[in-house]
Amino acid sequence: RQTETQKDFLTLMDYSTSEIIDLLNLAKDLKKQGPSTPPLLKGKILGMIFEKSSTRTRVSFEAAMLQLGGHAIHLSTRDIQMGRGESISDTAKVLSGYLDALMIRTFHQSTVEELAESGSIPVINGLTDDFHPCQVLADLLTILEFKGSFKGKKLAYIGDGNNVAHSLMIGAAKVGMDCTIICPKNYEPKEKIVSYAKEVAKQHGSVVEVTHDPIEGVKNSDVIYTDVWASMGQEAEAEVRLEHFKGYQVNQELVSHAKSDYIFMHCLPAHREEEVKAEIIDGPHSVVFHEAENRLHAQKALLVRLMC
Ligand code: CP
Ligand code: NVA
């Protein structure tokens, strides 16, 4: 089914439950087919603008395009004129004449929105300070694979109320999974996004909540998820954050309060011994490398829906 209403993929807020489920179903099919998928994107070109570093996002998008018979062009803002002040709007209009879709990893969500509004090609959010929707598409695929369904399942995210936390709350709410965000005081997710996710969850018979209590928050969880304490762009705060996040580490004591068959997830890159102990991320409950691989499959589905 071709997406009729969606030009872009800027945040999961814009996507309905059925559109998300459709992407997950297609991702499952494409994963089964492996690298020898039919060349659904033959001759198509994806541009990828990076204003921040990336391993998974860059390589999985590029591999996805190649496996689907297309091509990807890596554009660092260190090299392109946008990095020297060419306007976002002019960049979008120019690139619309060369490319079939554009992925961008940047700071402000407004940059992604302006690119999408100014250009005629699909724009994909490859991470902003506010959201990481591609990550969460892969995360939902991973949860489905390991837990079989979303209904009645609980995801406990512990750490910073950041871009990944925001997208997880929205994604969980849309598929009817319970989601608890556990964070230190002053590191809560944005209130507007929490209210939105709570409202969506209510419509789907699930619950989204925010707590400062790690043990209470992790209780009965099927998925424990964490992310770095200092995101890209927050390097100067890293040391003070180490102090503030003490007590919010995923370790043996904490996971003993989850369900005995919990899975551990992390979008990566990880800092062992900071947000998570090595024994957990490298232990038997960890699915982090399946999760990373699923970036490829989920994004193949997304690219097909946006570009075909
Ligand atoms: N998880 C994720 O987006 O990884 P990269 O920063 O390596 O792309
Ligand atoms: N929250 C992290 C995610 C990295 C994939 C960051 O924004 O740096």
Side-chain angles (χ1 to χ4, degrees), residues 9-12 27 46-65 72 74-78 102-109 111-112 124-143 155 157-171 181-184 187-190 193 223-239 241-242 244-245 248-250 264-272 274-276 281 286-300 302-303:
F9 187 67
L10 310 185
T11 149
L12 286 170
L46 172 75
M48 307 187 295
I49 301 179
F50 284 94
E51 240 177 317
K52 295 174 176 174
S53 307
S54 170
T55 298
R56 281 143 288 268
T57 304
R58 183 206 166 154
V59 181
S60 58
F61 265 111
E62 191 160 338
M65 284 306 293
H74 177 257
L75 304 160
S76 159
T77 40
R78 275 192 294 272
L102 185 60
M103 192 237 71
I104 178 162
R105 166 167 286 194
T106 185
F107 294 88
H108 305 298
Q109 184 69 14
T111 305
V112 178
I124 298 171
N125 179 352
L127 181 147
T128 59
D129 291 345
D130 283 341
F131 299 111
H132 198 358
C134 294
Q135 179 65 49
V136 169
L137 214 48
D139 295 340
L140 293 177
L141 180 62
T142 310
I143 293 168
L155 182 149
Y157 170 95
I158 179 159
D160 188 21
N162 62 14
N163 43 12
V164 171
H166 288 156
S167 288
L168 275 174
M169 277 190 311
I170 299 165
I181 305 290
I182 309 152
C183 55
Y187 292 98
E188 293 88 0
K190 286 189 176 170
I193 298 169
V223 181
I224 299 182
Y225 197 120
T226 191
D227 185 15
V228 291
W229 290 340
S231 285
M232 290 180 276
Q234 297 172 333
E235 288 76 8
E237 293 173 38
E239 220 161 299
R241 280 173 172 258
L242 268 184
H244 293 169
F245 282 84
Y248 290 82
Q249 185 190 58
V250 181
F264 173 75
M265 297 179 71
H266 191 311
C267 56
L268 305 179
H271 294 87
R272 283 169 177 75
E274 287 187 21
E275 72 271 9
V276 58
I281 192 169
S286 175
V287 300
V288 296
F289 298 113
H290 294 278
E291 181 185 0
E293 186 196 314
N294 278 340
R295 293 292 303 276
L296 171 71
H297 308 300
Q299 286 157 201
K300 275 167 113 171
L302 180 65
L303 290 165

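Counting begins at 1 with the first residue of the sequence. Indexing begins at 1, ligand by ligand and atom by atom, following the structure's order.
- Between His297 atom NE2 and Thr142 atom OG1 the span is 9.5 Å, to the nearest 0.5 Å.
- Note on ligand 2: Leu268 sits in its first shell, one or more heavy atoms being nearer than 4.0 Å.
- Atom-to-atom distance recorded for Ile104:CD1 and Ile124:CD1 is 12.0 Å, nearest 0.5 angstrom.
- In terms of N/O distances under 3.5 Å, ligand 2 is not approached by Lys52.
- Of the protein's non-hydrogen atoms, Asp227 OD2, 3.6 Å is the one closest to atom 3 (C) of ligand 2.
- Exactly one residue among Asp130, Thr11, Thr128, Asp129 makes a side chain to side chain donor-acceptor pair (under 3.5 Å) with Gln109. That residue is Thr128.
- Among all non-hydrogen protein atoms, the one lying nearest atom 8 (O) of ligand 2 is Met232 N, 2.8 Å.
- Closest approach of Tyr157 to Asp160, counting heavy atoms only: OH-O, 2.7 Å.
- Under the 3.5 Å distance criterion, the side-chain polar atoms of Glu237 are left unmatched by any main-chain donor or acceptor of Gln234.
- Note: Asp227 CG to Met265 CE = 12.0 Å, rounded to the nearest 0.5 Å.
- Of the listed residues (Asn162, Val228, Leu127, Asp160), the one carrying the non-hydrogen atom nearest atom 4 (C) of ligand 2 is Leu127.
- Residue-level proximity to ligand 2 for Asn163 is carried by the side chain, the only part with a heavy atom below 4.0 angstrom.
- You'll find the side chain of Arg105 stays beyond 4.5 Å of the side chain of Phe61, heavy atoms only.
- Outside the 6.0 Å centre-distance limit, the rings of Tyr248 and Tyr187 are not counted as a close aromatic pair.
- The two residues Thr106 and His108 have their closest heavy-atom pair at CG2-O, 3.7 Å.
- Under 4.0 Å from any atom of ligand 1, one finds heavy atoms of residues Ser54, Thr55, Arg56, Thr57, Arg105, His132, Gln135, Cys267, Leu268, Arg295.
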